[in-house]
2 protein chains.
Amino acid sequence: MFMTTLWDRSRQVAVQAILDTAVRLFAEQGYEQTTIAQIAREAGISQRSLFRYFGTKEDLVCGDQEALGELLRRTVEQQPAEVSAWDALRAGFEVILTANHTPERVLELSRLIFATPSLHARYIEKRLRWQTELVPVIQARLGTTTDPSSPDPRAKAIVATAFACVDTATELWAGHDGRLDLADLYDQCLAAVRGED
Amino acid sequence: MFMTTLWDRSRQVAVQAILDTAVRLFAEQGYEQTTIAQIAREAGISQRSLFRYFGTKEDLVCGDQEALGELLRRTVEQQPAEVSAWDALRAGFEVILTANHTPERVLELSRLIFATPSLHARYIEKRLRWQTELVPVIQARLGTTTDPSSPDPRAKAIVATAFACVDTATELWAGHDGRLDLADLYDQCLAAVRGED
DNA sequence: GCCTTTCTGGCAGTTAATGCCAAGTGGGCG
DNA sequence: CGCCCACTTGGCATTAACTGCCAGAAAGGC
């Protein structure tokens with residue numbers, strides 16, 4: 001049923017308000033210099049409730065990635081069978097890009113993540129979970145290896161490399177204030193790695 | 001001068017004692033369940049001094065990586081000019097591998113790192129610093145790009161990919177209790193990514 | 001309107017980490 | 001040996017990120 005309870009709605013509003021406050025403060029004075037207490041105060045919420053919405057401070061920046069990971073996996077999975085592993089991953093990344101928030105918000109968050117080592121690390125860690133979910137999908141697309149006695153690292157390696165290129169492209173993109181084309185940068189990274197193309 | 005003062009020596013002893021205590025406790029009861037207070041108590045040192053030796057709890061596991069990063073950078077840098085970027089990086093990784101502790105200790109630490117999210121994040125963070133240090137070295141080996149107007153993502157992408165393969169190989173290696181050859185796994189990963197070879 | 005379910009806020013407590021200061025210890029020197 | 005300087009150590013207080021607990025408020029079903 002379309003039972004959007006008031007709880008759900010006010011929750012959505014609260015989450016957005018907290019998120020806006022947090023991102024603004026992070027941009028103004030840096031991530032480490034901003035305390036949870038300050039965010040809670042300015043967002044008009046108790047510290048305790050803030051921790052109920054976002055389990056950790058880092059989740060304020062890279063928290064909503066679970067849904068995106070699911071979208072990515074499904075997109076890659078549903079590519080036609082004749083599409084190569086690399087192209088399937090590329091298609092997935094493309095969808096994620098457009099499904100994201102506004103480009104300005106993405107740019108702001110990217111800058112924050114790449115400027116804060118602990119955030120960058122946590123961000124990559126979240127993405128590692130996406131990677132493990134994608135490995136079987138890519139493995140299926142590669143077919144079985146000729147030697148079934150030793151484990152097949154191909155899928156793992158391909159997925160890890162694709163993400164490394166996404167990361168590299170995003171960092172460059174954020175460093176140039178979004179003036180370059182992200183998809184184009186990704187292609188350049190992949191070309192540099194794979195030689196031909 | 002070769003002035004190995006008593007301070008330096010006792011410092012070395014203390015560091016080793018703390019490290020042994022910490023790794024043992026982490027293996028016995030897990031990383032998160034072990035407190036700094038407990039490590040300090042069992043190592044016979046004050047909590048305050050422990051923090052002077054190791055700035056953070058995470059450094060107890062992946063702390064001595066600064067020296068390794070330096071070694072890696074220098075090794076890659078000193079490869080002959082005719083060695084390709086990929087081979088130079090491979091040579092660097094090879095040196096690091098053998099320069100490390102005993103394989104058992106490495107295996108133990110790897111398992112701990114891959115099993116503990118916060119440790120994994122910190123480990124990634126340290127490696128990201130290695131990457132940024134290596135990018136100019138690889139860039140020099142690649143030569144300048146034909147189009148100087150747009151930034152050159154090649155070095156960044158190559159370094160990121162090489163590390164992604166190291167990470168993939170290490171995870172597989174740790175998952176198989178070190179029964180496989182790490183260098184061999186790395187080569188397989190790179191072959192899967194780069195096609196030929 | 002009443003009762004159950006769920007959410008909220010405050011409070012105390014834990015843990016990692018940092019600054020400060022007094023006390024201890026090694027090392028050089030007359 | 002005794003003295004002084006440099007450096008280290010340990011305890012204390014403090015901060016910031018979390019977590020558990022409990023009382024009270026708000027929402028939803030009847």
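All values reported here derive from a predicted model rather than from experimental measurement. Lettering follows sequence order; numbering is per chain, from 1.
Atom P of nucleotide D:dT8 and atom CZ of B:F54 are separated by 15 Å, given to the nearest angstrom. For B:Q33 and C:dT14, the CD to P distance is 17 Å, given to the nearest whole Å. If you measure from atom CD of B:Q38 to atom C1' of C:dA16, you get 15 Å, rounded to the nearest angstrom. A:L60 has its CG atom 9 Å from the P atom of D:dC18, to the nearest Å. Distance NZ (A:K57) to C1' (C:dA16): 14 Å, rounded to an integer number of Å. Following rounding to the nearest Å, A:R9 (CZ) and D:dA26 (P) show an atom-to-atom distance of 17 Å. At whole-Å resolution of the value, CZ in B:F51 and C1' in D:dT14 are 14 Å apart. Here the C1' atom of nucleotide C:dA17 and the CG atom of B:D59 are 12 Å apart, to the nearest Å.
Judged by a 6.0 Å distance limit and a 45° cone about the ring axis, A:K57 is not positioned over the six-membered ring of A:F26.
One finds the CG atom of A:L172 at 12.0 Å from the OG atom of A:S110 (value rounded to the nearest 0.5 Å). In this structure, B:I18 CD1 and B:I39 CD1 are separated by 9.0 Å, a value rounded to the nearest 0.5 Å.
As judged by a 4.0 angstrom heavy-atom cut-off over every strand, B:S118 is placed among residues making no nucleic acid contact.
Ionic pairing of A:R122 and A:E125 is present here: one or more N-O contacts between side-chain nitrogen and carboxylate oxygen are shorter than 4.0 angstrom. Ion pairing between A:E58 and A:K126 fails under the 4.0 Å rule for side-chain N and carboxylate O.
Annotation: side chain of B:Q139 is in contact with side chain of B:R154 (closest heavy-atom distance under 4.5 Å).
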Between the protein and nucleotides 8-12 of chain C, list the N/O to N/O atom pairs that are separated by less than 3.5 angstrom.
| from | atom 1 | to | atom 2 | distance (Å) |
| --- | --- | --- | --- | --- |
| C:dT8 | OP1 | A:Y53 | OH | 2.7 |
| C:dG9 | OP2 | A:S46 | N | 3.4 |
| C:dG9 | OP2 | A:S46 | OG | 3.1 |
| C:dG9 | OP2 | A:S49 | OG | 2.5 |
| C:dG9 | N7 | A:R52 | NH2 | 2.7 |
| C:dG9 | O6 | A:R52 | NH2 | 3.4 |
| C:dG10 | O6 | A:R48 | NE | 3.4 |

